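All values derive from a computational prediction rather than experimental measurement. Start at 1 with the first residue, then count along the sequence.
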Amino acid sequence: MSRVYVCSCFGVTEKQIKEHAGAGACTPRQIASACKAGTDCGSCVRRIQAILGRGDCPRRELVNQGEPALMAEVRPELSEAA
């Protein structure tokens, strides 16, 4: 199985981006915080946006409340909405 690199600068794969998204990263900035992808040359940011899509983020409510989405536990009320 071959690795599909999204960010060549930091060797971040599509699988890793999807894992970070699954953990709550909803934006390219949150992906960058999680793994540095998109912080060097920036050529991968559009690809990251495409992977993230425009769907609902199950943890966006946490971010809006000022809590870090990547560290927070999924609350039951958010899980039911997803």
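Taking hydrophobic clusters as Ile, Leu, Val, Met, Phe, Trp and Tyr residues chained together by side-chain heavy-atom distances below 4.5 Å, Val45 does not share a cluster with Val6. Cluster annotation: Phe10 is connected to Ile17 through the hydrophobic network of ILVMFWY side chains, with a link wherever side-chain heavy atoms come within less than 4.5 Å.
How far NZ of Lys18 is from CG of Leu52: 10.5 Å, rounded to the nearest 0.5 Å. To the nearest 0.5 angstrom, Glu19 atom CD is 10.5 Å from Ile31 atom CD1. Remark: Cys44 SG to Gln49 CD distance equals 10.0 Å, nearest 0.5 Å. Note: Ser33 OG to His20 NE2 = 10.5 Å, rounded to the nearest 0.5 Å.
A heavy-atom distance below 4.5 Å is not found between the side chains of Cys35 and Gln16.
When every heavy atom of Ile48 is checked against every heavy atom of Ala37, the shortest pair comes out as CD1-CB, 3.9 Å. Nearest heavy-atom pair across Cys9 and Cys41 is SG-SG, 3.8 Å.
Not a single salt bridge (Lys or Arg N to Asp or Glu O under 4.0 Å) links Lys36 to another residue, sequence neighbours left out.
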